[in-house]
Amino acid sequence: MKNGFGFAEDIVPFLHELFPDLSDGNKVLVAVLYSALFLFFILIARVMLKIISNHIAKKAFKIYLSSLNILKDINDLEISEEEKKSLRDLISACAKLGSDIDFHTDRINHSRKVSRLVSKMCTFLRVPKLEGILNTCASMIYDIGFLDIDAELFQAEILDQKEKQLLKTHINSFLPESDFIPEAYKTLFVFAINYHHENFDGSGYPEGLKEKDIPSVARMIRAAESYVSMTSKRSYHKTLSREKAIKNLKKAGVYDMEIVGALEHVTKNIRGKK
């Protein structure tokens, strides 16, 4: 875009034709005023666009939070009001941090989609409500380690071996400031962050854990994030249908089949939701 002076230079010849009786000095002055007015409207438009975007983002954030059963589940827990407030604060903090991770990795609504699936699966599998709440929160921020990696790497369509290894290091990270997570719950978050790339057949990393030795929250995230990746637009693969994605999960041999079955069930009811 041209700056104000460039715009003024372009408009002077036009003013010569439009106002032939104006002196050259006045025409330049009018041109500068027009340019300033033009830039002012551009600035206003940008500010308004930012306000509208923020409003839409906040509204989408509220809709997302209200769509999670875990907020209702808190009311059913036999804990103090202070503990309930702590859980609500935890949900909000994790949801916001999840949005930051999605922005950094250029994956629109990824954490929201994964956490919604985990929440639905916990309900379907009748996971105790407190555990379901914590599993859902952890599934919002399990990729927290990506924030320590240059955002440009997530824009690349092809990665070399060194870059692939760098991406794998994200599982070694934990929150540098995790005071918003109650001490009693931190172990579950560590499980989600460190072990969501373990495979049911022992072929995953970092420890090659097998079957039920893999924490359940990590097994849920492993299946849910793969499903979301396969059914979302990515630079490195075509978007798959729900049916094709579930089929791939079943034949891969690296996922807990009980969880894949739960995933197959819950995705029938949330198709098309963002």
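Other residues, nucleotides and ligands place more than 12 heavy atoms under 6.0 Å from the CD atom of Gln165. For Ile158, the CD1 atom counts as loosely surrounded, since its 6.0 Å shell holds 12 or fewer non-hydrogen atoms of other residues, nucleotides or ligands.
The shortest distance between side-chain heavy atoms of His196 and His170 falls below 4.5 Å. Residues Val254 and Phe200 are not in side-chain contact: their nearest non-hydrogen atoms beyond the backbone lie 4.5 Å or more apart. The side-chain heavy atoms of Leu97 and Phe180, taken from C-beta on, include a pair separated by under 4.5 Å. No side-chain heavy atom of Ser232 sits under 4.5 Å from any side-chain heavy atom of Thr239. By the 4.5 Å heavy-atom criterion applied to side chains, Ile193 and Ile171 are not counted as neighbours. Looking at heavy atoms from C-beta onward, Tyr142 lies in side-chain contact with Val114 at the 4.5 angstrom threshold.
Looking at Ser80 and Glu83, their side chains do bring a donor and an acceptor atom within 3.5 Å of each other.
Looking at Lys72 and Asp76, no side-chain N of the basic residue comes within less than 4.0 Å of a carboxylate O on the acidic one, giving no salt bridge. Between Arg222 and Asp256 there is no salt bridge, since no side-chain N of the basic residue sits under 4.0 Å from a carboxylate O of the acidic one. Here Glu82 does not pair with Lys85 in a salt bridge; the nearest charged N to carboxylate O distance is not below 4.0 Å.
Residues satisfying the side chain to side chain contact (heavy atoms under 4.5 Å, CB included) test with Lys164, not counting sequence neighbours, are Leu159, Gln161. Under the side chain to side chain contact (heavy atoms under 4.5 Å, CB included) criterion, Ser216 pairs with Glu131, Arg219, not counting sequence neighbours. Taking the side chain to side chain contact (heavy atoms under 4.5 Å, CB included) definition, one finds that Thr187 meets it with Phe191, sequence neighbours left out. Residues satisfying the side chain to side chain contact (heavy atoms under 4.5 Å, CB included) test with Ser115, not counting sequence neighbours, are Tyr64, Thr136, Ser139, Met140.
Identified under the salt bridge (Lys or Arg N to Asp or Glu O under 4.0 Å) test for residues 35-45, with sequence neighbours left out: none. Residue pairs satisfying the ring pair (Phe, Tyr, Trp, His ring centres under 6.0 Å) criterion with at least one member in residues 88-139, sequence neighbours excluded, are listed as follows: His104-Phe154, Phe124-His265.
Side chain of Arg242 to main chain of Glu264: a donor-acceptor pair is present (N/O by atom type, distance under 3.5 Å, no hydrogens or angles).
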